[in-house]
J.: 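After the structure tokens below, expect a handful of questions from me.
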Amino acid sequence: MSLTDVSADTTPFFSDDNEGEGPTDNGVGSPQPEEEESASGVSDRRAKVIVVVLCYINLLNYMDRFTVAGVLPDIEQFFSISDGKSGLLQTVFICSYMILAPLFGYLGDRYNRKYIMCVGIFFWSLVTLASSFIGKEHFWALLLTRGLVGVGEASYSTIAPTIIADLFVKEMRTNMLSIFYFAIPVGSGLGYIVGSKVNDVAGDWHWALRVTPSLGLLAVILLFFVVQEPKRGAIEARPEHTLHRTSWMTDIKALCRNVLFGIITVVTGILGVTSGVQVSKKLRTRTPRADPLVCAAGLLLAAPFLYLSIMFAQASTVATYVFIFLGETFLSMNWAVVADILLYVVIPTRRSTAEAFQIVLSHLLGDAVSPYLIGVVSDSIKKSDSYMWDFRSLQMSLLLCSFVAVVGGAFFLATALFIEKDRHLAENYVPSDDAPIIVPKRGRSTKVSVSSVLI
């Protein structure tokens with residue numbers, strides 16, 4: 001089989017009829033019933049077995065990382081090194097793992113992932129085993145082998161989750177990924193325990209580094225004979241679309257667009273919050289209604305830019321990002337100012353309750369219902385199940401955000417009419433010792449002063 005063949009795979013064990021040859025004869029000339037195969041080319045039963053194998057290998061990865069931590073004092077004593085030098089063991093590994101991850105990401109998107117993982121884990125096991133035979137005078141060799149371990153781990157950690165993604169969708173994918181990543185804390189703890197206990201039993205830290213390589217050999221066997229390469233994206237691709245590979249630079253440009261959006265959000269958040277506070281401070285010298293007016297201006301100015309960013313989403317990438325930048329900047333202007341308003345219109349003994357009430361209301365009227373509302377509107381607009389209608393219906397439904405921004409601005413303008421009075425009441429609030437209390441009188445409540453009640 002070619003290394004680049006990603007749709008077919010031969011697996012002697014756990015193979016279903018529809019994965020290998022064809023229906024087999026059961027002795028009376030009729031084929032055996034076939035287990036239903038998903039669009040990925042892997043049966044549901046086998047897909048779950050594959051996840052178990054991948055979880056086992058992920059467990060081994062993190063066991064190996066923390067095995068060294070379990071025997072680190074013995075390593076320091078054996079090589080007569082300081083804490084600083086022993087810390088290099090993890091630094092060298094992480095640097096290697098970090099630098100090589102993009103390389104294996106590139107290979108994993110273009111070649112057979114199963115074979116890449118097999119080679120990587122075999123290499124990782126071999127290097128880890130070799131590190132257990134290093135003598136006292138060659139600490140540099142231990143550093144080298146720990147760095148090479150990063151090669152094997154990068155080959156697995158970047159690829160295994162993508163196989164799970166090609167086997168399951170939606171809630172099932174989430175569940176399987178949670179099981180897969182559950183191996184991180186469990187493997188980390190087991191690595192520390194196994195490393196320290198094997199060292200105690202054998203009386204030599206070298207034996208602790210020989211546990212995971214033997215288990216790694218079993219992992220390679222399971223990978224080769226049990227794991228089947230699923231068809232990439234088939235389980236979630238639409239019928240009218242086919243997936244094709246693009247160049248590495250095209251991939252990087254597409255990913256950078258996501259990174260760029262994140263960077264824009266961070267920068268606009270900082271600019272918006274800072275500018276909102278500064279404008280409010282300047283404006284307070286002219287009017288006591290400055291804070292709600294700044295909040296209103298921010299929302300009203302954000303609305304048209306949010307609208308334009310949505311409408312230009314397909315026409316011009318540059319214009320879309322410019323409008324997003326401006327819209328998010330104006331939208332962020334009210335964050336700190338709103339918090340300030342809330343605090344100065346409420347007396348100190350009620351501020352925590354007011355904060356809680358504000359959190360409940362803002363989420364109840366905001367992000368708690370908005371994703372569902374936008375989704376419902378999008379579904380009601382959609383006229384056919386095609387990529388273009390998916391895009392258009394979601395585009396139209398997102399215009400609700402601009403409308404809500406205008407409504408929010410109007411509410412802040414209304415707040416400006418009452419802000420002076422509310423602030424004055426909070427600042428001049430004086431609790432009275434003779435404040436009226438409510439007591440029942442003939443089945444009905446009535447207010448009487450404290451001084452009239454005999455205590």
Side-chain angles (χ1 to χ4, degrees), residues 13 49 51-97 117-157 160 179-227:
F13 303 116
V49 174
V51 171
V52 172
V53 173
L54 296 179
C55 287
Y56 166 71
I57 301 172
N58 204 32
L59 192 77
L60 282 187
N61 271 340
Y62 283 87
M63 276 185 66
D64 179 74
R65 288 194 194 187
F66 284 85
T67 297
V68 172
V71 296
L72 194 58
D74 297 271
I75 292 177
E76 290 180 347
Q77 185 178 0
F78 181 81
F79 289 103
S80 300
I81 57 175
S82 63
D83 291 340
K85 285 188 176 180
S86 65
L88 283 175
L89 293 171
Q90 183 72 356
T91 300
V92 168
F93 163 75
I94 292 297
C95 289
S96 169
Y97 176 66
M117 289 191 297
C118 283
V119 172
I121 293 170
F122 180 77
F123 180 77
W124 156 69
S125 301
L126 191 65
V127 171
T128 302
L129 182 63
S131 68
S132 69
F133 294 98
I134 295 173
K136 290 184 177 181
E137 296 79 19
H138 303 97
F139 176 68
W140 62 268
L142 183 62
L143 285 175
L144 176 63
T145 54
R146 291 309 296 174
L148 293 175
V149 166
V151 177
E153 291 216 22
S155 70
Y156 178 78
S157 298
I179 295 172
F180 176 78
Y181 285 109
F182 186 70
I184 295 178
V186 176
S188 302
L190 283 177
Y192 190 87
I193 294 170
V194 170
S196 58
K197 292 303 178 184
V198 170
N199 180 37
D200 293 341
V201 173
D204 186 354
W205 65 269
H206 292 87
W207 283 99
L209 298 183
R210 294 166 189 167
V211 175
T212 50
S214 57
L215 297 174
L217 179 60
L218 174 61
V220 173
I221 295 171
L222 290 173
L223 259 180
F224 191 82
F225 291 108
V226 176
V227 174

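Just so it is clear, the values below take in all heavy atoms, side chains as well, and ignore hydrogens, waters and symmetry mates.
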J.: Go through the side-chain N and O atoms of Asn199 and Trp207 and say whether any donor and acceptor fall under 3.5 Å apart.
T.: no
J.: Could you tell me which non-hydrogen atom of Ala183 sits nearest to which non-hydrogen atom of Cys55, and how far apart they are?
T.: CB-O, 3.8 Å
J.: Decide yes or no for Val226 and Val49: does some side-chain heavy atom of the first lie under 4.5 Å from some side-chain heavy atom of the second?
T.: yes
J.: Check Glu76 against Ser86 and note the closest heavy-atom contact, atom names and distance.
T.: OE2-OG, 2.6 Å
J.: Set out, in order, the CA-CA distance, both residues' side-chain angles and the distance that settles salt bridge (charged side-chain N to carboxylate O under 4.0 Å, His left out) for Asp204 and Arg210, then state yes or no.
T.: CA-CA 11 Å; Asp204 186 354; Arg210 294 166 189 167; 5.5 Å; no
J.: At their closest point, which heavy atom of Ile134 faces which heavy atom of His206, and how far apart are they?
T.: O-NE2, 3.3 Å
J.: What's the verdict on side-chain contact (heavy atoms from CB on, under 4.5 Å) for Leu72 and Trp205, showing C-alpha distance, side-chain angles and the deciding distance?
T.: CA-CA 9 Å; Leu72 194 58; Trp205 65 269; over 6 Å; no
J.: Could you pull out the closest heavy-atom pair between Ala219 and Leu60, with the gap in Å?
T.: CB-CD1, 4.1 Å
J.: Give me the ring orientation class for Phe93 and Tyr97: parallel if the planes are under 30° apart, tilted from 30 to 60°, perpendicular past 60°.
T.: parallel
J.: Looking at Tyr62, I'd like to know if its OH atom is crowded, meaning that more than 12 non-hydrogen atoms belonging to other residues, nucleotides or ligands lie closer than 6.0 Å.
T.: yes
J.: Below 4.5 Å, heavy atoms only, C-beta onward: do Val119 and Ser155 meet side chain to side chain?
T.: no
J.: Can you tell me how far the CG atom of Leu126 sits from the CG atom of Leu217, to the nearest 0.5 Å?
T.: 10.5 Å
J.: Which pair of heavy atoms, one from Leu54 and one from Ala160, lies closest together, and at what distance?
T.: CD1-O, 3.9 Å
J.: Identify whether NZ of Lys or CZ of Arg in Arg65 sits under 6.0 Å from the centre of the six-membered ring of Tyr192 and within 45° of that ring's axis.
T.: no
J.: Mind checking whether Tyr156 and Phe180 have parallel, tilted or perpendicular rings, split at 30° and 60°?
T.: tilted
J.: Could you tell me the separation between the CD atom of Glu153 and the CG atom of Asn61, rounded to the nearest 0.5 Å?
T.: 4.0 Å
J.: Quick check: closest heavy atoms across Leu209 and Ser132, and the distance to 0.1 Å?
T.: CB-CB, 3.9 Å
J.: On the six-membered ring of Phe139, is Lys85 placed so that its NZ or CZ lies under 6.0 angstrom from the centre and within 45° of the ring axis?
T.: no
